[in-house]
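Side chains are part of it too, since the values below use all heavy atoms of this structure and drop only hydrogens, waters and symmetry mates. Keep in mind it's a predicted model, so treat the numbers as computed, not measured.
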Amino acid sequence: MDAHEVNRARAKLALFVADVFASVPRKDQRAKGDCYLRGLMLDGRRKSIQSMAERLPDGNEQNLQQFVNQSTWDPVLVRRRIAQRLVPQVGPDAWAVDDVSFPKDGKMSVAVAPQYCGALGKQANCQVAVSVHAVSDTASCPLQWRLFVPQEWADDPVRRRKTGIPDEVGHREKWRLALDTIDELAEWGLVPPVLVADAGYGQNADFRDGLEHRSINYVVAIRSDVTVHPHDALPTAPAWSGNGRKPQPRYRDRPTPVAALAAGHGRHAFTEVTWREGSRGPMRSCFLALRVRPAGIKSRRLAQAASTDPGSWDGVLPEDTLLVEWPDGAEAPTDYWLSNLPADTPVAELVRLAKIRWRIEHDYRELKHGLGLDHFEGRSWAGWHHHVTLVTAAHAFLTEQRLAPKADTPDSLSTRSSTPSRTC
C-alpha cells in the first residue's frame, strides 16, 4: 500500500487495532501497534524498525524498538483475538500446518541453528517456526505460531538467558509443536474442519495418530516409500502349540510401497479431476483413491496401544484412503496423500483438500515479501513473537479488506461443483 491508501484506511485500521489489541493495557502501546502496522503495510523493500520509522510521519525508532523488543504486552492474547475474528470471515475448508524458515547470520538470534532451511532449499543457519493457517479456496490467514527450539539451545543456558527464552520452553519436535498449537486453538474454541499438511508431517505416524486421538480429519501428504497393506488384507496367527507365548496375529504378506501399489493399477485406473481455476485456466490432473492400511512398526505399535485390550489385539491395522496423482506426461505417479475422511468421500473432494495448501504459499509471499515477516533484526524471544504477531495482525487487516466488499464475482472453479470428466 502507498501512503495515500494507508491514510484512507486509517479509520478502519483504528477500529481493527482497538479490537485486536484490546488486551494491551496501555493506550500509548496500542498507538505504537497502530503505527507499526502502518509501517508494515506501507510500500518499501525493507520492513526493519529503522526503515519503517523513517517512512512514517509519526515514526519514532526508539519507541518502536521498545514496543517490540522490551515491552511486556502478551502477543498470545493478540493472536487469539485475531484468530477468533478471522476464522468466521475466512470460513475455512481446512487448516494447514506448515513450517517457515528465516535465514540468519551469526548464532545469537533466538533459536537460530544450522538446520534445513526451506527458504534456501538446503542446510543453512536459520530460525524455523511452525504455523497453523485457516484456508479456503478464496482466503486464508495464520492462526498461531510456534518457534522451533533446536536441541543445542535447550542445553545452552547462556544463550537462553541472553535471548530471554522462558524456562519452561525446551526442544520439542515440530510435529509435537503442531499438535500443541492445535490444542491451544481448541482452548480458544477453534477446531479444524479438516487438517492438511505436507509430507514432513504426514509421513509421521505419531502425528497422524495424534490427530486421530483428537478426532480430527486429515488429508496429509506422504512420500512414495510409505508402505501399506491392501484394505482387504487380514492378519493371521499360526496355530498355537500350547507351549510358550501365544502367537500374535500378523499380516503374512510384506507391505507394499505406495508408489508400487499405485503404479500397479495402471494409468487407465486414474480419473481426471479439476480442483480449481488457476491463473492460466482450470487446474486438472489424474487421480486414484484406494483404501489401504498403513504399515510399519510404528503404525503397528500405535494400533495395538489404541486397542481396548492391547494384550489380545487382533492385529488389524486401521484403514485410510490413499490418494495418488499421476499427471499427464509423467511416466509414473508423482504425489501421494493419506486421509482418514469417511470411505465414501468423493475423489473430487479429496483432491480439493489435498491441493488447498496452495493458499498458505500465498500467505507466506505476502507475509514475507509484502509485510516483512523475515525482516526482524532483533534477537530476543519476546521481540520475535511481538514482530510475528504484528505481521499477523497486518495480514489479517488486509485480508478483511479484501473480503469486505462482497462483490459479485464468479466463484472459483473447484471440485465442490465439478465431477471427474474422463478416464486418464
- [ ] Could you tell me whether D19 and R85 have a side-chain N and a carboxylate O separated by less than 4.0 Å?
- [x] yes
- [ ] May I ask you to decide if W275's main-chain N or O and R284's side chain share a donor-acceptor pair within less than 3.5 Å?
- [x] no
Task: Charged N-O contact under 4.0 Å between R267 and D328 - done: yes
TODO: Compute whether any side-chain donor of one residue and acceptor of the other, for T163 and R379, lie under 3.5 angstrom apart.
DONE: no
Open item on the list: Ring of Y36, cation from K47 - is the NZ or CZ under 6.0 Å from the centre and inside 45° of the axis?
Closed with: no
Open item on the list: Parallel, tilted or perpendicular: which one describes the rings of F287 and W337, with boundaries at 30° and 60°?
Closed with: tilted
Open item on the list: Between E187 and R80, does any side-chain N to carboxylate O distance fall below 4.0 Å?
Closed with: no
Open item on the list: Looking at R38 and D34, is there a salt bridge between them, counting it only when a charged N and a carboxylate O are closer than 4.0 Å?
Closed with: yes
Task: Step-by-step side chain to side chain donor-acceptor pair (under 3.5 Å) determination, Q29 to S71 - done: CA-CA 9 Å; Q29 291 178 324; S71 185; 2.8 Å; yes
- [ ] Output yes when D137 and R352 qualify as a salt bridge under the 4.0 Å nitrogen-oxygen rule, no when they do not.
- [x] yes
Open item on the list: Within the 3.5 Å criterion, strictly below it, is a donor on D363 or H395 matched to an acceptor on the partner's side chain?
Closed with: yes
TODO: For residues F102 and S109, determine if any side-chain heavy atom of one lies less than 4.5 Å from a side-chain heavy atom of the other.
DONE: no
TODO: Using a strict 4.0 Å threshold on nitrogen-to-oxygen distance, state whether R146 and E184 make a salt bridge.
DONE: yes
- [ ] Check step by step if side chain to side chain donor-acceptor pair (under 3.5 Å) holds for Y218 and D320.
- [x] CA-CA 10 Å; Y218 59 77; D320 274 343; 3.0 Å; yes
TODO: State whether the side chain of H265 and the backbone N or O of L261 hold a donor-acceptor pair below 3.5 Å, judged by distance alone.
DONE: yes
Open item on the list: Does this structure show an ion pair linking R402 with E366, if we count only N-O contacts that are shorter than 4.0 Å?
Closed with: yes
Open item on the list: Taking less than 2.5 Å as the test, are the sulfur gamma atoms of C286 and C424 close enough?
Closed with: yes
- [ ] Applying side chain to side chain contact (heavy atoms under 4.5 Å, CB included), run through W73 and R26 and close with a yes or a no.
- [x] CA-CA 9 Å; W73 58 276; R26 289 167 39 188; over 6 Å; no
